[in-house]
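Take this structure first; my questions come after.
Just so it is clear, the model here is predicted, and its values are computed rather than measured.
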Number of protein chains: 2
Amino acid sequence: MTSKDVARVAGVSQSTVSYVMSGKRPISERTRRIVEDAMEQLTYQPNAGARALASQRTQIIAVVMPFDVALGATGLMAFIEEITLAARARDHDVLIVTAEEGVDGLRRVAGRALCDAVVVMEVSSDDPRAAIARELRVPTLFIGFPDDAEGLHCIDFDFEDGARLLVGELAANARVAALVWGSETVDRGLNYVPRFRAAAQAAAAAAGVALDWVPLERDRVEEQVRAVLAGGCEALLVTAHLNRVVHAVQEAGLRPGTDLDLVALATDVEATGFTVPLTAVSTHPRDVSRQAMTWLFDLLEQGSGPAQVQRVPASVTRRSSVRTGPTPRVPRP
Amino acid sequence: MTSKDVARVAGVSQSTVSYVMSGKRPISERTRRIVEDAMEQLTYQPNAGARALASQRTQIIAVVMPFDVALGATGLMAFIEEITLAARARDHDVLIVTAEEGVDGLRRVAGRALCDAVVVMEVSSDDPRAAIARELRVPTLFIGFPDDAEGLHCIDFDFEDGARLLVGELAANARVAALVWGSETVDRGLNYVPRFRAAAQAAAAAAGVALDWVPLERDRVEEQVRAVLAGGCEALLVTAHLNRVVHAVQEAGLRPGTDLDLVALATDVEATGFTVPLTAVSTHPRDVSRQAMTWLFDLLEQGSGPAQVQRVPASVTRRSSVRTGPTPRVPRP
DNA sequence: TTGTAAGCGTTATCAG
DNA sequence: CTGATAACGCTTACAA
């Protein structure tokens, strides 16, 4: 089943069939109808390989995914779903590349012309893929900021903004414990950790609250939470192991929104998955990927534009995990 | 950068370069070295489109993914990671197709020759994709069992087996409440729900325990758990909304493994994400996908073998959420 | 408005 | 063991 068959049935030349599909030259209404009928009748579908070969366009976006996610499965899924939908909306498909493949993965999908563009997730400060990306034949979009973003296209959630908002929600407290990403994440060089930290500390200082920075370690989460609670802290800012933290709080007989304040950096579904819905800043994985894809297709259509860095703004959703009432609250900066 | 360039540099014919890569005909050690050196020097990579066109092989596996997962993000991610790794291990790549595309998605990736094979996840009883699959030019593997599996290749976790094991773990109790998938999942026609149910009830009957079947509805989970607890039930078998169920239990002041027995059908990471690690049957997403991919590549190499149905065996991991001690336990069937 | 024909970069068949 | 060369199915000048 090829365009040649369609041409024969329609009684036109094969190139006409091609032009009917691409619309790259005027076709009389009559011929168009005839050809389209023939295609319909034969349930013709163009061969992707042939098309890629002739047009130098695969209509495929490669996405480099980290499966051992710091991000959490929920966020990752949202990312990839949104990316796939955005791609399909523009008649493209998505190819998955494991981050495990490292720089070779990038070289492979670009070098073999398997794709027209690449999206790289969970980029670290000293990401070796940055260097490769600068020389790739295809536009590449990084989700996350390497230290040297020169010549790259990078986009990320605005963690600084998120930190400020979260601290703002807790500003009625004299002391806040930030229960955050532990060495597992820090060691991977994901620089949103220091970015978030710096902003959180600045915001805390400005609001006059003491911020206790507590990186949570996988095998000690409960213990760490208990320690913080035992210290009399009544305001928790959580960015990691949310589930276990909330459990531990409850086990200590405390209830967010009643006995203490708890805010989180989490997706909406995570924040609402508890008995007490949590006031949270969403990492907006969907917004990030939507914006990333819009940008990527711009690059694809208008040629690689100027390199730059984009941030997706943060926003708080107030739910029931922060005490309201007579306690005086300082407005957020 | 094409094989022609490599040929020129190596001083051989282009076809020789091709044969060096494919190994499909004897090449003298000398020529092979020369050619390989040239490839190295030019960092040559074969063009995927051209190769697909000429060989009728894309080296791509399409995976149809449901993003609004009944399965849970963790399980889904495990699936896709394992599938991707298995594919890469055999020099294939993975293309993501959203389940949302329905039958058209299948038609598209097969019809356009975008892939060599397809994996379809979360197959329902009356899945319309089953009919399409029978006529596809590419081997198709279903994860899940449609009612009519005639002529199809289907694989799934052995939910019946899982149900039996889980009931077995609770057999010391006179009454067990099964907190299971609600209408959301049932309505999608995922037939592992009835499969699990039938097996659970049979096992309960055999063990002389009364089984209360409680489909959990998204907006009433906590309420439903409280009701079950209020009824004095001390044995919970959970297959859905695990997080919220455990929370609710704890909020009721009860502790699994101390005040009541709780077992779950969940991935290992889910089962161990609580203060009390849960005795659970893992749905083994990784085993399922590994086995699926092995089978798929067999089909790819040996031509579509006989259609059949495969089940991935269940197993319990005993942790600390079931009370042990003097209570008499009946052995599982 | 349409047809003809030259690629695109491989694979694989003939010859040698 | 190796070299020509004809596909593979499409896109896109170049002609008409």
Who pairs with A:Ser289 by side chain to side chain contact (heavy atoms under 4.5 Å, CB included), at least two apart in sequence or on another chain? A:Phe79, A:Glu82, A:Ile83
Ring pair (Phe, Tyr, Trp, His ring centres under 6.0 Å) against B:Phe157, all qualifying residues, sequence neighbours excluded: B:Phe159
Length of the CG-P vector between B:Leu53 and C:dT11, whole Å: 11 Å
Should we say atom CZ of B:Arg137 is surrounded by more than 12 heavy atoms from elsewhere, each under 6.0 Å from it? yes
Whole Å only: how far is the CE atom of B:Met1 from the P atom of C:dG9? 10 Å
Taking any atom closer than 4.0 angstrom to a non-hydrogen atom of chain B, what span of DNA chain D does the protein reach, first nucleotide to last? D:dC1 to D:dG9
Can you measure A:Asn47 atom CG to C:dC8 atom P for me and round it to whole angstrom units? 18 Å
Who are the salt bridge (charged side-chain N to carboxylate O under 4.0 Å, His left out) partners of A:Arg51, not counting sequence neighbours? none
Which side chain to side chain donor-acceptor pair (under 3.5 Å) pairs, counting each pair once, include a residue from residues 11-28 of chain A, with sequence neighbours left out? A:Ser3-A:Gln14, A:Ser13-A:Ser15, A:Ser13-A:Thr16, A:Ser28-A:Thr31
Is it true that A:Glu150 and A:Arg134 have a side-chain N and a carboxylate O under 4.0 angstrom from each other? no
A:Glu40 atom CD, neighbour heavy-atom count above 12 within 6.0 Å: no
Report which part of the nucleic acid A:Val12 touches: base, sugar-phosphate, or nothing (heavy-atom distance under 4.0 Å, all strands). sugar-phosphate
Given DNA chain D, 5'-ward residue of the pair B:Gly11 and B:Ala50, judged by closest heavy atom: B:Gly11
Nearest non-hydrogen partners of A:Gln310 and A:Phe145, listed with the distance: O-CZ, 3.5 Å
4.5 Å side-chain heavy-atom contact, A:Val312 and A:Ile155: yes
Quick one, which residues of residues 19-31 of chain A touch DNA chain C with a heavy atom under 4.0 Å? A:Arg25, A:Pro26, A:Ile27, A:Ser28, A:Thr31
Any base atoms under 4.0 Å from B:Ser15, or only sugar-phosphate, or nothing? Heavy atoms, all strands. base
Output yes when at least one side-chain N/O atom of B:Arg51 is less than 4.0 Å from OP1 or OP2 of C:dT11, else no. yes
Describe the nucleic acid contact of B:Thr2 in one word from base, sugar-phosphate, nothing, applying a heavy-atom distance below 4.0 Å. sugar-phosphate
Within this structure, what is the CD-to-P distance between A:Gln14 and C:dA6, rounded to whole angstrom? 14 Å
Would you say B:Ser55 reaches C:dT10's phosphate, i.e. side-chain N/O to OP1/OP2 under 4.0 Å? no
